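Since the structure comes first, as structure tokens, the remarks are kept for the end.
No hydrogens, no waters, no symmetry mates; every other heavy atom, side chains included, goes into these values. Note that the structure is predicted; figures quoted are calculated from it, not measured.
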Amino acid sequence: MREFLITSLIGILLIGVCSLVIYELLRFVWGRLPRMTVMPRARVLLVVASVFLGHIINIWIFGIAYYALAHVGLGTLVGAEIASGNYALDFFGYLYFSAVSYSTVGFGDVTPEGALRMIAGVEGLTGFILIGWTVTFTYLAMEKFWSLPHNRNKK
């Protein structure tokens with residue numbers, strides 16, 4: 001029960017932090033787009049690159065959380081490395097699991113045990129919602145800023 005409460009609170013914190021990462025990034029990009037004097041393709045590339053950066057940051061945040069929580073005894077990840085004879089996942093194993101969970105791919109080759117199961121569920125939901133938010137943002141940015149003039153047409 002105690003582990004469940006701890007991981008629930010950590011999950012709420014992770015949701016907040018990851019939502020703020022995406023919010024601040026999208027706010028920054030939206031403020032810059034109208035002032036950009038580049039080709040429309042460059043605007044779209046900025047939006048897409050920014051969105052990917054935000055999601056990569058969030059994957060790292062969850063990966064660090066998994067790694068830290070596993071090292072304080074709140075669960076572990078098991079799977080592919082165990083089968084190959086390596087009984088301890090390195091940090092990149094936790095990062096891999098985070099990417100698979102955040103993107104909701106869920107291969108199943110690595111699975112959480114103990115209290116980390118709660119964080120994995122929270123991460124899947126967080127990734128699903130934030131990916132949807134950034135898809136909407138990308139659409140709105142393209143719709144609004146796709147046809148703005150750029151320097152090449154100015155004399």
Side-chain angles (χ1 to χ4, degrees), residues 1-33 36 38 40-143 145:
M1 178 69 169
R2 184 176 151 262
E3 288 180 351
F4 174 78
L5 291 174
I6 291 169
T7 54
S8 294
L9 292 174
I10 291 169
I12 291 168
L13 177 67
L14 289 168
I15 291 168
V17 168
C18 289
S19 297
L20 281 173
V21 165
I22 296 296
Y23 171 79
E24 290 299 333
L25 186 126
L26 297 182
R27 187 169 169 255
F28 176 80
V29 171
W30 190 261
R32 301 302 180 272
L33 285 174
M36 289 182 69
V38 297
R41 285 181 186 89
R43 284 190 194 104
V44 172
L45 287 175
L46 172 69
V47 170
V48 171
S50 299
V51 163
F52 270 101
L53 176 65
H55 292 303
I56 289 168
I57 290 169
N58 285 348
I59 288 167
W60 275 77
I61 289 169
F62 271 98
I64 291 167
Y66 287 123
Y67 190 75
L69 292 172
H71 282 77
V72 297
L74 287 175
T76 189
L77 298 178
V78 297
E81 276 73 15
I82 299 297
S84 68
N86 181 2
Y87 293 99
L89 285 174
D90 62 3
F91 173 73
F92 293 104
Y94 288 89
L95 193 60
Y96 163 78
F97 177 75
S98 178
V100 170
S101 297
Y102 187 89
S103 65
T104 69
V105 171
F107 289 130
D109 57 337
V110 177
T111 58
E113 286 188 349
L116 289 187
R117 293 178 298 169
M118 182 65 159
I119 301 298
V122 167
E123 183 178 16
L125 183 58
T126 302
F128 181 72
I129 290 170
L130 296 181
I131 289 168
W133 183 12
T134 58
V135 167
T136 303
F137 176 83
T138 303
Y139 171 79
L140 293 172
M142 286 182 67
E143 182 179 58
F145 300 112

Problem set entry | Within residues 9-28 or reaching into it, pairs that qualify as ring pair (Phe, Tyr, Trp, His ring centres under 6.0 Å) - sequence neighbours excluded | none
Problem set entry | Residue pair Ile131 / Ser103: nearest heavy atoms and the distance that separates them | CD1-CA, 4.2 Å
Problem set entry | Residue pairs involving residues 40-62 (criterion ring pair (Phe, Tyr, Trp, His ring centres under 6.0 Å); sequence neighbours excluded) | His55-Tyr102, Trp60-Phe91
Exercise. When rounded to the nearest 0.5 angstrom, what distance separates CG in Leu26 from CZ in Phe137?
Worked result: 5.0 Å
Problem set entry | Distance, nearest 0.5 Å, that separates CG of Leu13 from CG of Leu9 | 9.0 Å
Seminar exercise, completed: Taken to the nearest 0.5 Å, the spacing of Cys18 SG from Ile59 CD1 works out to 9.5 Å
Exercise. Crowded around Arg117 CZ? As in, over 12 foreign heavy atoms under 6.0 Å?
Worked result: no
Seminar exercise, completed: In this structure, CG of Asn58 is separated from CG of Leu53 (nearest 0.5 Å) by 9.5 Å
Exercise. Considering all heavy atoms of both residues, which atom of Arg43 and which atom of Met36 are nearest to each other, and what is their separation?
Worked result: NH2-O, 3.1 Å
For this session: Rounded to the nearest 0.5 Å, what's the gap from OG on Ser8 to CD1 on Ile119? Could you check?
Result: 7.5 Å
Exercise. What are the two closest heavy atoms between Ala141 and Leu33, and how far apart are they?
Worked result: CB-CD1, 3.9 Å
Seminar exercise, completed: The side-chain hydrogen bond (donor to acceptor under 3.5 Å, both in side chains) partners of Tyr96 (sequence neighbours excluded) come to Asp109
For this session: Measure the shortest side-chain to side-chain distance between Leu69 and Ile10 over non-hydrogen atoms and say whether it is less than 4.5 angstrom.
Result: yes
For this session: Would you give the length of the straight line joining atom OH of Tyr67 to atom OG1 of Thr76, rounded to the nearest 0.5 angstrom?
Result: 11.0 Å
For this session: Sequence neighbours left out, what passes side-chain contact (heavy atoms from CB on, under 4.5 Å) with Ala70? Give chain and number order.
Result: Tyr94, Leu116
Under 3.5 Å, which donor-acceptor pairs link side chains of residues 120-130 to any protein atom two or more places apart or in another chain?
residue	atom	partner	partner atom	Å
Glu123	OE1	Tyr66	OH	2.6
Glu123	OE2	Ser98	OG	2.6
Thr126	OG1	Val122	O	2.7

For this session: Flag the pair Leu140 / Thr136 as yes when at least one side-chain heavy-atom distance between them is below 4.5 Å, and no otherwise.
Result: yes
Exercise. Where is the tightest heavy-atom contact between Ala115 and Thr7, given as atom of each residue plus distance?
Worked result: CB-CG2, 3.3 Å
Seminar exercise, completed: So salt bridge (charged side-chain N to carboxylate O under 4.0 Å, His left out) across residues 2-28, not counting sequence neighbours, yields Glu24-Arg27
